[in-house]
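The next block holds one structure in the form of structure tokens; read it before the comments.
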Protein chains: 2
Amino acid sequence: MTSLRDVAERARVAVSTASAALNGTRPVAAATRRRVERAAAELGYRPNLLARGLQSKRTRILALLFPAPRGGFGLTEMQFATGAAEAAGELGYHLLLSPESAGPIEELRHLTGLGLVDGVLLMEVALDDERPRFLAEAGVPFAMIGRTREPGTIDYADIDFAATARDAVAHVAGLGHRKLALFNLAEDGHPAGYGPAVRAGEEFARAARERGLAYVAGFRPGSAEEGGKAFDDLLDAHPDVTALAVMDDRAAVGVITAVARRGLRIPEDLTLLLVLSSARVAEMFHPRLTTLEPPSTELGRLGARMLIDRLQGDGPPRQRLVPCRLVVGDSSAPPREGGGS
Amino acid sequence: MTSLRDVAERARVAVSTASAALNGTRPVAAATRRRVERAAAELGYRPNLLARGLQSKRTRILALLFPAPRGGFGLTEMQFATGAAEAAGELGYHLLLSPESAGPIEELRHLTGLGLVDGVLLMEVALDDERPRFLAEAGVPFAMIGRTREPGTIDYADIDFAATARDAVAHVAGLGHRKLALFNLAEDGHPAGYGPAVRAGEEFARAARERGLAYVAGFRPGSAEEGGKAFDDLLDAHPDVTALAVMDDRAAVGVITAVARRGLRIPEDLTLLLVLSSARVAEMFHPRLTTLEPPSTELGRLGARMLIDRLQGDGPPRQRLVPCRLVVGDSSAPPREGGGS
DNA sequence: CTGAAAGCGCTAACAC
DNA sequence: GTGTTAGCGCTTTCAG
């Protein structure tokens with residue numbers, strides 16, 4: 001392991017000068033700097049992050065707090081992680097994956113006490129999440145992927161549910177539909193008060209109202225079976241619904257089956273939208289579903305970047321909302337003449 | 001930040017004694033130890049990992065080298081990561097997610113030079129992977145999820161393809177099928193010489209032979225479209241095939257479409273198996289597909305555990321093979337009388 | 001502009 | 001058994 005001392009010796013300077021030359025932390029004569037840089041290159045010098053961190057109190061390591069997967073994990077969560085890891089890497093940071101095994105607060109207390117990480121990235125944030133409070137009080141820099149009910153000045157990157165709902169509603173309204181239903185995320189499988197479920201529910205209702213579209217909500221199927229049942233119940237109560245947005249991919253499966261069972265067809269009799277699921281999943285359906293694809297990788301990247309930003313300097317809160325991307329598939333079409341099914 | 005010195009002062013002992021009491025690194029009087037432990041607890045003391053690592057050359061951090069996602073990522077990769085992170089956490093280790101942005105070797109050189117990690121976990125290992133060689137030469141402890149062609153004494157956890165193929169073949173043979181086809185992974189979307197593709201190919205062929213089943217291979221569709229085309233080509237050339245194992249979930253979609261297009265039905269006319277895909281994905285198909293589900297989380301856990309094991313003591317190579325789990329769905333049935341379609 | 005020296009928090013010899 | 005001392009490799013005063 002070649003150390004800074006080796007570099008300094010080879011360049012015939014003091015260790016502190018070598019350090020300065022490499023970090024630009026104080027003025028160094030151009031000639032000296034070049035000697036040091038050459039020596040470092042020749043020796044393949046890599047600064048020891050531990051030593052640096054011990055001294056500077058900054059490790060350039062971020063932790064991504066990883067919730068225990070409840071109902072099996074989705075691609076979305078993975079993309080947060082890869083996006084964050086990539087963005088961190090590009091900025092010279094590392095990303096630590098910290099499973100919340102013991103319970104989030106305990107895990108955080110443990111993690112932050114170690115002096116190992118400069119900041120924490122939170123995901124799967126509940127509206128009344130307790131973790132932000134804890135971190136704020138502990139003075140640990142952090143950012144959220146998602147957001148609490150009242151994020152205040154906390155940094156976050158989240159889905160722009162308002163825009164997403166508007167886009168979705170505009171899409172179906174543009175096709176001529178007059179009545180839309182939403183199957184929200186099931187309550188199990190997610191933390192209570194799960195932001196995306198709540199916000200999507202609110203924003204779809206608002207967008208439909210603003211657009212003058214009749215709107216039905218309240219169904220929250222979390223499996224194929226529940227999805228099918230929900231669809232049957234929906235049509236029994238609201239036979240004039242011609243467009244349906246589903247937030248759970250398994251529920252969508254059940255809907256598709258139920259549609260076929262009723263002798264209906266997609267998209268002729270029903271326009272079906274998959275919300276918050278990846279195009280990769282949408283491709284597995286027939287017909288290929290129109291999707292509102294969450295910008296998961298992007299959110300991961302943003303989260304990491306804003307956290308690093310925050311670490312490197314103060315400033316106003318960084319709060320970013322990114323809408324889902326509307327990918328029009330073959331499950332969207334104008335409603336039948338006369339509407340209803 | 002409360003340090004060991006604070007603890008020592010409060011317990012009225014020397015710092016080194018406090019250290020020893022807490023780590024059990026040398027005999028300490030019972031009374032003293034209890035005083036130290038109480039002091040530590042009262043102060044909420046957490047050892048500084050950087051300082052400890054700097055001194056002891058051991059950070060208890062593992063890196064998971066994360067390949068750049070090629071054709072979009074699967075759940076499988078995510079489960080490696082979560083499994084490894086969990087197992088590491090249980091053993092007092094941390095897991096660093098390192099994207100191979102710049103190219104694997106460069107990334108490794110960088111990473112290992114930092115003194116930040118005790119060992120490296122490799123995934124997406126190609127048969128002639130260059131990373132193991134590099135790590136071995138650099139003297140960095142590592143383990144693989146997957147394995148090279150000749151793993152020699154390298155630690156690894158991988159899928160037991162032989163057992164998996166035997167189970168799959170036994171399943172279809174047990175139903176009475178006489179001729180099986182395999183759609184292997186496409187060549188793009190994976191590193192050349194991707195172990196799972198090669199080994200699955202070999203082992204399915206062997207298992208079919210041993211079981212006296214006719215066997216067709218050579219098709220490697222990587223998308224729905226290719227899957228459909230491959231199925232058409234397959235039936236044109238081998239109309240007597242009644243069972244098909246598909247390794248790519250998108251290709252499976254195409255197969256299902258093509259089956260319907262031909263007026264055939266699953267499972268009456270074709271028994272369809274999804275290999276190496278998760279049950280979660282299989283659920284999205286209709287009928288729900290019979291699956292050979294990879295033990296991804298388990299492999300991640302095993303990989304982390306064997307690496308930590310290796311770090312803590314020498315010993316014989318740790319090499320573990322875990323078969324896929326056969327989850328029988330509704331896409332398996334005996335062939336029609338007379339076989340063929 | 002450069003060098004010498006102190007010290008981050010901890011572990012590990014070495015004395016007592 | 002316990003305390004004292006010397007670093008791990010680096011950054012950062014402080015002199016020169």
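Per chain, numbering begins at 1; letters A, B, ... match sequence-line order. Given the structure is predicted, the values throughout are model-derived calculations rather than measurements.
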field: Residue pairs involving residues 55-65 of chain A (criterion salt bridge (Lys or Arg N to Asp or Glu O under 4.0 Å); sequence neighbours excluded)
entry: none

query: Between A:Asp128 and A:Thr148, does a side chain to side chain contact (heavy atoms under 4.5 Å, CB included) hold up when you go through it step by step?
result: CA-CA 6 Å; A:Asp128 52 357; A:Thr148 53; over 6 Å; no

- prompt: Roughly, in whole Å, what's the span from CG in B:Leu50 to P in D:dG7?
  reply: 22 Å

Between side-chain atoms of residues 94-102 of chain A and protein atoms elsewhere (two or more places apart, or another chain), which donor-acceptor pairs fall under 3.5 Å?
{"residue": "A:Glu100", "atom": "OE2", "partner": "A:Arg131", "partner atom": "NH1", "Å": "2.7"}
{"residue": "A:Ser101", "atom": "OG", "partner": "A:Pro99", "partner atom": "O", "Å": "3.4"}

statement: Heavy-atom contacts, protein to nucleotides 11-16 of chain D, under 4.0 Å, summarised as B (base), S (sugar-phosphate only) or - (none) per nt, yield BBBB--

query: Any side-chain heavy-atom pair from A:Pro141 and A:Val120 closer than 4.5 angstrom?
result: no

query: Going by the salt bridge (Lys or Arg N to Asp or Glu O under 4.0 Å) test, which pairs reach into residues 109-120 of chain B, not counting sequence neighbours?
result: B:Glu106-B:Arg109

query: A:Leu114 versus B:Asn48: any side-chain heavy-atom pair under 4.5 Å?
result: no

- prompt: side-chain hydrogen bond (donor to acceptor under 3.5 Å, both in side chains) with B:Gln55: which residues, sequence neighbours excluded?
  reply: none

statement: Numerically ordered, the residues 110-120 of chain A set in heavy-atom contact under 4.0 Å with DNA chain D is none

- prompt: So, do B:Ile159 and B:Leu299 sit near enough that their side-chain heavy atoms are less than 4.5 Å apart?
  reply: yes

- line: A:Tyr93 meets the ring-ring contact (aromatic ring centres under 6.0 Å, His included) criterion, sequence neighbours left out, with none

field: Inter- and intrachain pairs under salt bridge (Lys or Arg N to Asp or Glu O under 4.0 Å), touching residues 137-148 of chain A, at least two apart
entry: A:Arg147-A:Asp158

query: With B:Tyr194, which residues qualify under side-chain hydrogen bond (donor to acceptor under 3.5 Å, both in side chains), at least two apart?
result: B:Glu124

field: Atom-pair distance (CG on B:Leu54; C1' on D:dG7), nearest Å
entry: 9 Å

A:Leu307 and A:Asp155, any side-chain heavy atoms less than 4.5 Å apart: no

- request: With a 4.0 angstrom cut-off to heavy atoms of chain A, pull out the first and last contacting nucleotide of DNA chain C, in 5'-to-3' order.
  value: C:dC1 to C:dG9

- line: As a check of understanding: the bend across the helix from C:dC1-D:dG16 to C:dC16-D:dG1, end axes from five pairs, rounded to 10 degrees, works out to 40°

field: Residues in side-chain hydrogen bond (donor to acceptor under 3.5 Å, both in side chains) contact with B:Ser19, at least two apart in sequence or another chain
entry: B:Asn23

